[in-house]
Amino acid sequence: MTKLPTDRLFIQKHYFVIPNIPANAKWAENGTTVAGGHGRGNELNQLNSPYGIFVSNDQTLYIADKDNDRIVEWKSDATCGQVVAGGNGEGDRVNQLNKPRDVVFDKETDSLIICDSDNGRMIRWYCQKSKSQEVIIQNAPCIGLRMDDQRFLYVTGFDAVRRYNFGEKDGTVVAGGNGKGNELNQVNWPTYVFVDQDYSVYVSDSKNHRVMKWMKNATDGIVVAGGQGEGNALAQLSRPKGVFVDARDTIYVADDGNHRVMRWCKGAKQGSVIIGGNGPGKRANQLQNPEGLSFDCNGNLYVSDYGNNRVQRFSIEI
């Protein structure tokens with residue numbers, strides 16, 4: 001497997017390494033199923049509506065298995081997953097989840113932080129069985145989640161992204177927050193969020209069919225992908241979901257409605273299709289409503305293929 005150099009100026013000690021992906025990189029046309037892929041269900045080799053995903057530095061995969069109300073862990077090359085949070089039925093007890101949509105791993109505390117979306121809360125789930133779960137943010141709309149290298153949490157709601165320090169109740173608006181709309185100071189149903197080395201916030205502005213970037217302390221965002229109305233042209237997106245930004249400021253976005261993953265180089269007016277784009281389907285070169293998106297430290301691409309109840313890995317080809 002080809003290994004990439006990492007940007008040593010930006011190693012998030014509590015989070016993950018952002019790969020320094022070459023500008024001309026390509027990925028295998030056919031993906032490999034690394035989680036699920038055995039139909040919709042709640043067995044350990046199945047998923048039911050996978051949403052956000054997180055890939056740790058050792059290539060362990062954490063999946064928000066939304067409609068099973070659980071977080072599952074899949075080790076590299078495993079044939080079955082392991083329930084590491086939830087899995088006790090839908091509910092609001094501290095040992096239950098209700099439609100979790102995103103997850104990150106906090107190495108410092110050896111715990112998972114989970115967007116427990118339909119309970120409107122953020123919950124910490126310790127990997128050590130001897131420690132109890134704890135609700136860290138309550139009464140907060142939460143869809144997508146990121147953590148920066150200072151361990152601030154960035155959480156998408158219905159019309160804003162808020163940054164939380166642990167112990168805060170209300171958080172600070174860092175993107176949007178001016179009602180639903182399509183102006184540069186607004187978002188409309190933001191889904192996933194990413195934070196770069198300069199603490200700029202990238203957000204998939206789903207119902208505006210664009211990805212927006214808010215620089216630190218900015219009051220207005222800028223359109224960095226899409227924003228040309230809903231469509232399947234190279235300058236357009238359709239309900240964008242998972243977003244990732246590499247060390248070159250190249251943007252990768254799960255283009256849900258077009259069943260593809262796109263790459264937008266810094267300053268580009270249009271993107272390029274790097275995965276999928278072959279219509280909705282379950283073949284190895286197809287996606288069906290991709291949701292979450294992530295990379296490992298070697299530059300391999302992982303996509304939660306929502307409509308096929310699987311996670312696909314696309315190997316990088318240098």
Side-chain angles (χ1 to χ4, degrees), residues 16 31-56 59-90 96-105 112-119 123 125 142-146 156 191-194 204 206 239-244 252-261 275-276 280-284 286-296 300-314:
F16 61 86
T32 300
T33 300
V34 293
H38 296 278
R40 183 186 301 272
N42 61 6
E43 300 297 327
L44 291 179
N45 68 344
Q46 293 179 305
L47 299 170
N48 189 350
S49 303
Y51 264 61
I53 56 177
F54 181 93
V55 184
S56 68
Q59 295 183 317
T60 298
L61 178 64
Y62 298 95
I63 307 165
D65 191 12
K66 181 176 76 74
D67 287 347
N68 280 327
D69 305 299
R70 67 189 186 184
I71 306 297
V72 289
E73 173 192 89
W74 287 67
K75 296 290 188 181
S76 179
D77 300 323
T79 57
C80 288
Q82 176 183 354
V83 179
V84 291
N88 299 305
E90 177 186 306
Q96 292 179 305
L97 300 172
N98 190 351
K99 303 295 183 288
R101 283 176 166 82
D102 212 353
V103 59
V104 298
F105 176 67
L112 299 171
I113 301 172
I114 302 163
C115 266
D116 189 14
S117 295
D118 282 17
N119 282 326
I123 189 166
W125 208 288
C142 51
I143 302 169
L145 167 69
R146 284 293 188 206
T156 60
T191 50
Y192 293 85
V193 61
F194 190 90
S204 292
S206 182
R239 304 188 307 273
K241 297 296 179 61
V243 61
F244 192 101
Y252 304 83
V253 58
D255 191 9
D256 173 280
N258 288 319
H259 315 289
R260 64 191 185 185
V261 176
I275 298 296
K282 60 183 180 181
R283 297 197 306 268
Q286 291 180 304
L287 301 169
Q288 186 160 331
N289 302 114
E291 274 280 339
L293 178 71
S294 192
F295 287 85
D296 64 24
N300 301 305
L301 172 60
Y302 296 72
V303 184
S304 59
D305 192 9
Y306 171 91
N308 288 316
N309 297 293
R310 65 188 183 183
V311 176
Q312 296 288 90
R313 180 180 64 212
F314 296 86

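The chain is numbered in sequence order, starting from 1. Excluded from the calculations below are hydrogen atoms, water molecules and symmetry mates; all remaining heavy atoms, backbone and side chain alike, are included.
Within the 4.5 Å cutoff, no side-chain heavy atoms of Gln288 are placed close to those of Gln286. For the pair Tyr62/Leu112, a side-chain contact is recorded, criterion being any heavy-atom separation below 4.5 Å from C-beta on. In this structure, Asn119 and Leu97 have side chains that are not in contact, with every pair of non-hydrogen atoms separated by 4.5 Å or more. Counting heavy atoms from C-beta on, the side chains of Leu47 and Arg40 never come closer than 4.5 Å. A 4.5 Å side-chain heavy-atom check between Ile114 and Ile71 finds at least one atom pair inside the cut-off. At least one side-chain heavy atom of Ile113 sits under 4.5 Å from a side-chain heavy atom of Leu145. When side chains are defined from C-beta on, Leu61 counts as touching Ile53, because their heavy atoms get closer than 4.5 Å. For the pair Lys241/Tyr51, no side-chain contact is recorded, criterion being any heavy-atom separation below 4.5 Å from C-beta on.
Taken from CG in Asn42 to CG in Asn68, the straight-line distance is 5.0 Å, to the nearest 0.5 Å. Once rounded to the nearest 0.5 Å, the distance linking OG of Ser294 with CG of Leu301 reads 8.5 Å. In this structure, Gln96 CD and Glu90 CD are separated by 8.5 Å, a value rounded to the nearest 0.5 Å. Going from atom CG of Asp305 over to atom CD1 of Ile275 covers 11.5 Å, rounded to the nearest 0.5 Å. Here the straight-line distance linking atom CZ of Phe54 with atom OG1 of Thr60 works out to 10.0 Å at 0.5 Å rounding. Distance check: Thr156 OG1 to Arg146 CZ gives 11.0 Å after rounding to the nearest 0.5 Å.
The closest donor-acceptor contact from the side chain of Arg310 to the backbone of Lys282 lies under 3.5 Å. With Asp65 contributing its side chain and Asn48 its backbone, the two residues share a donor-acceptor pair below 3.5 Å. The main-chain N or O of Gln59 is never found under 3.5 Å from a side-chain atom of Asp296 such that the two would form a donor-acceptor pair. Side-chain atoms of Asn308 come within 3.5 Å of backbone N or O of Gly281 as a donor-acceptor pair.
Checked against a 6.0 Å centroid threshold, the rings of Phe295 and Tyr252 count as neighbours.
In terms of heavy atoms, Cys142 sits closest to Ser117 at O-OG, 2.7 Å. Of all non-hydrogen atoms in Ala35 and Ile63, the two that sit nearest each other are CB-CD1, 3.5 Å. Closest heavy-atom contact between Pro290 and Val303: CB-CG1, 3.6 Å. Annotation for Ser206 and Thr191: closest pair CB-CG2, 3.7 Å, computed over non-hydrogen atoms. Across all non-hydrogen atoms, the minimal contact from Lys99 to Asp69 is N-OD1, 3.0 Å. When all heavy atoms of Ser204 and Pro240 are compared, the closest pair comes out as CB-O, 3.6 Å.
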Query raised in the report: Can you list the steps and then say if Val72 with Gln82 is a side chain to side chain contact (heavy atoms under 4.5 Å, CB included)?
Result: CA-CA 5 Å; Val72 289; Gln82 176 183 354; over 6 Å; no
Query raised in the report: Under the salt bridge (Lys or Arg N to Asp or Glu O under 4.0 Å) criterion, do Arg101 and Asp118 qualify, and how do the steps go?
Result: CA-CA 9 Å; Arg101 283 176 166 82; Asp118 282 17; 3.1 Å; yes
Requested in this report: Report the C-alpha separation of Asp116 and Asn98 in whole Å, then their side-chain angles, then the decisive distance to 0.1 Å, and conclude whether the side chain to side chain contact (heavy atoms under 4.5 Å, CB included) test is met.
Outcome: CA-CA 6 Å; Asp116 189 14; Asn98 190 351; 4.1 Å; yes
Query raised in the report: What do the steps show when you test Val253 against Val261 for side chain to side chain contact (heavy atoms under 4.5 Å, CB included), and what is the final call?
Result: CA-CA 6 Å; Val253 58; Val261 176; over 6 Å; no
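Not a single ring pair (Phe, Tyr, Trp, His ring centres under 6.0 Å) links Tyr302 to another residue, sequence neighbours left out.
No option in Pro100, Ser49, Pro50 other than Ser49 meets the side-chain contact (heavy atoms from CB on, under 4.5 Å) test with Asp67.
In the model, Gln312 has no side-chain atom that pairs as donor or acceptor with a side-chain atom of Thr32 under 3.5 Å.
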